Undergrad: 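Please see the structure below; I have some questions.
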Amino acid sequence: MCCRDRAGLLAEALPAVRAGLLPQDELVVVDSGSRDDAVRQVAEAAGARLVRCDLPGLSRARNAGWRAASAPLVLFTDDDCRPLPGWVDAAVAALSAPGVGLVWGHVLADADGGVALSVSTDDGPASYDGTGDLSATGHGAAMAFRRSVLEQLGGFDVALGAGGRYPAGEDKDAFWRAVRAGWQVRSAPGMAVTHVTWRPTTEALRTMYRYGVGAGAVSAKRGRLAGERGLVRGEVWRHGLLPAARSLRDGALPTA
């Protein structure tokens, strides 16, 4: 788990994360350049191992986290997510299949209303073959890798993700690169988290815009590396501007 200046959310998340772990499992919290020591205090109080990154950035923090761990399977979730019972077992079971290197889980919106971001409504079996729109895959809020896959990929692209040059898309990029590296990428039914809808309206709009920018950057990268053309504009629209427009239309986001 990575956290920057959101110690309150982290304190609420860690008990749910800890509940799904066995005694031999590792719990690593990465402080991604927080401006005070509240994240450190929360992590240490929960018995988690703390890793500090002086430079913020989600991809940089995730890389520091998995490299600090030693287990052959690495699960990721966010400080504003609450894993549901059985999420670890579901991830381990899905990754036990030969050739599967990466799985994603189900992300549910919480019951408090508000603007739901990064949720996935389909918990049925699914897979990604490396082509087409990456919206068919899940989110970094619930994903798990074989450590060997992360090592092969060199981790997450630090140009992508919150705090990076392109502020989203590091998870989708990793899914795509894993397929190109020869791994199967699929969903893990039963691996589920609840995503807390804590953002105010203006921040939700900014987040949707950042999703679009990140999706466009990943599409441009795919064009450069694999010759895929014509994806950027559509990805920015589908993952940034369109969700914001729908929210405005449905009244989830007020116009004033």
Side-chain angles (χ1 to χ4, degrees), residues 1-2 25-26 28-30 32 51 53 55-78 88 90-105 107 118 120 126-188 191 210-211 213-228 231-232 235 239:
M1 298 184 69
C2 306
D25 293 334
E26 302 169 277
V28 179
V29 172
V30 183
S32 182
V51 175
C53 288
L55 292 176
L58 182 56
S59 287
R60 183 178 292 107
R62 282 180 170 157
N63 288 338
W66 72 259
R67 287 173 176 143
S70 60
L73 303 181
V74 184
L75 282 70
F76 294 89
T77 190
D78 295 334
V88 174
V92 171
L95 286 171
S96 67
V100 177
L102 188 169
V103 298
W104 71 83
V107 183
S118 298
S120 54
S127 61
Y128 176 64
D129 65 2
T131 63
D133 190 345
L134 277 158
S135 64
T137 65
H139 306 281
M143 60 183 178
F145 293 74
R146 294 179 188 263
R147 182 186 179 88
S148 58
V149 174
L150 290 165
E151 291 171 343
Q152 182 178 358
L153 299 180
F156 298 93
D157 186 339
V158 297
L160 299 168
R165 181 178 181 183
Y166 306 102
E170 79 295 335
D171 45 3
K172 310 290 189 179
D173 173 67
F175 298 162
W176 180 72
R177 288 191 291 131
V179 173
R180 280 174 54 84
W183 293 97
Q184 295 179 42
V185 175
R186 62 177 63 168
S187 66
M191 179 187 179
R210 290 192 288 266
Y211 287 169
V213 172
V218 173
S219 297
K221 183 176 180 178
R222 291 168 63 181
R224 176 170 55 85
L225 296 179
E228 299 180 13
L231 290 172
V232 175
E235 295 286 277
H239 301 292

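None of the values given here were measured: they were computed from a predicted structure.
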Undergrad: With rounding to the nearest 0.5 Å, note down the distance linking CZ in Phe76 to CH2 in Trp66.
TA: 8.0 Å
Undergrad: Got a sec, which pairs hit salt bridge (charged side-chain N to carboxylate O under 4.0 Å, His left out) with one end in residues 62-74, sequence neighbours left out?
TA: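 Matches after skipping sequence neighbours: Arg62-Asp78, Arg62-Glu170.
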Undergrad: For Thr77, give me all partners under side-chain contact (heavy atoms from CB on, under 4.5 Å), at least two apart in sequence or on another chain.
TA: Met1, Val17, Cys81, Pro83, Trp87, Val193
Undergrad: Which pair of heavy atoms, one from Ala93 and one from Ser96, lies closest together, and at what distance?
TA: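 So the minimum-distance heavy-atom pair works out to O-OG, 2.5 Å.
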Undergrad: Give the minimum heavy-atom separation between Leu75 and Ala91, together with the two atoms involved.
TA: CD2-CB, 3.9 Å
Undergrad: Taking His139's backbone N and O only, do any of them form a donor-acceptor pair with Lys172's side chain (distance below 3.5 Å, no angle check)?
TA: no
Undergrad: Which heavy atom of Ala144 sits nearest a heavy atom of Leu95, and at what distance?
TA: CB-CD1, 3.9 Å
Undergrad: Donor-acceptor pairs under 3.5 angstrom involving side-chain atoms of residues 174-184: please list them, not counting sequence neighbours.
TA:
| unit_1 | atom_1 | unit_2 | atom_2 | d |
| --- | --- | --- | --- | --- |
| Trp176 | NE1 | Gly130 | O | 3.4 |
| Arg177 | NE | Asp173 | OD2 | 2.9 |
| Arg177 | NH1 | Leu153 | O | 2.9 |
| Arg177 | NH2 | Gly155 | O | 2.7 |
| Arg177 | NH2 | Asp173 | OD2 | 3.4 |
| Trp183 | NE1 | Gln152 | OE1 | 2.8 |
| Gln184 | OE1 | Arg186 | NH2 | 2.4 |

Undergrad: Taking atom OH of Tyr166 and atom CG of Leu160, what is their separation to the nearest 0.5 Å?
TA: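 Here the rounded value is 8.5 Å.
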Undergrad: side-chain hydrogen bond (donor to acceptor under 3.5 Å, both in side chains) with Arg147: which residues, sequence neighbours excluded?
TA: Glu151
Undergrad: Would you check if Leu150 and Phe156 make a side-chain contact, meaning some heavy-atom pair closer than 4.5 Å?
TA: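 In contact.
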Undergrad: According to side-chain contact (heavy atoms from CB on, under 4.5 Å), who are the partners of Ala68, at least two apart in sequence or on a separate chain?
TA: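 Counting only residues at least two positions away or on another chain, Ala68 forms a side-chain contact (heavy atoms from CB on, under 4.5 Å) with Arg49, Val51.
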Undergrad: Mind checking what makes side-chain hydrogen bond (donor to acceptor under 3.5 Å, both in side chains) contact with Ser70, not counting sequence neighbours?
TA: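 Ser70: side-chain hydrogen bond (donor to acceptor under 3.5 Å, both in side chains) contacts with Glu26.
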Undergrad: For residues Ala188 and Ala90, report the shortest heavy-atom separation together with the two atoms involved.
TA: CB-O, 4.0 Å
Undergrad: Which pair of heavy atoms, one from Gly57 and one from Ser32, lies closest together, and at what distance?
TA: N-OG, 3.1 Å
Undergrad: Excluding sequence neighbours, so at least two apart, what forms side-chain contact (heavy atoms from CB on, under 4.5 Å) with Ala162?
TA: Leu58
Undergrad: Under the side-chain hydrogen bond (donor to acceptor under 3.5 Å, both in side chains) test, which residues partner Thr131, sequence neighbours left out?
TA: Asp129
Undergrad: How close do Val28 and Ala69 get, heavy atom to heavy atom, and via which atoms?
TA: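 In terms of heavy atoms, the two residues are closest at CG2-CB, 4.4 Å.
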Undergrad: I'd like to know if the side chain of Ser187 and the backbone of Ala126 have a donor-acceptor N/O pair within less than 3.5 Å.
TA: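 At least one qualifying donor-acceptor pair exists.
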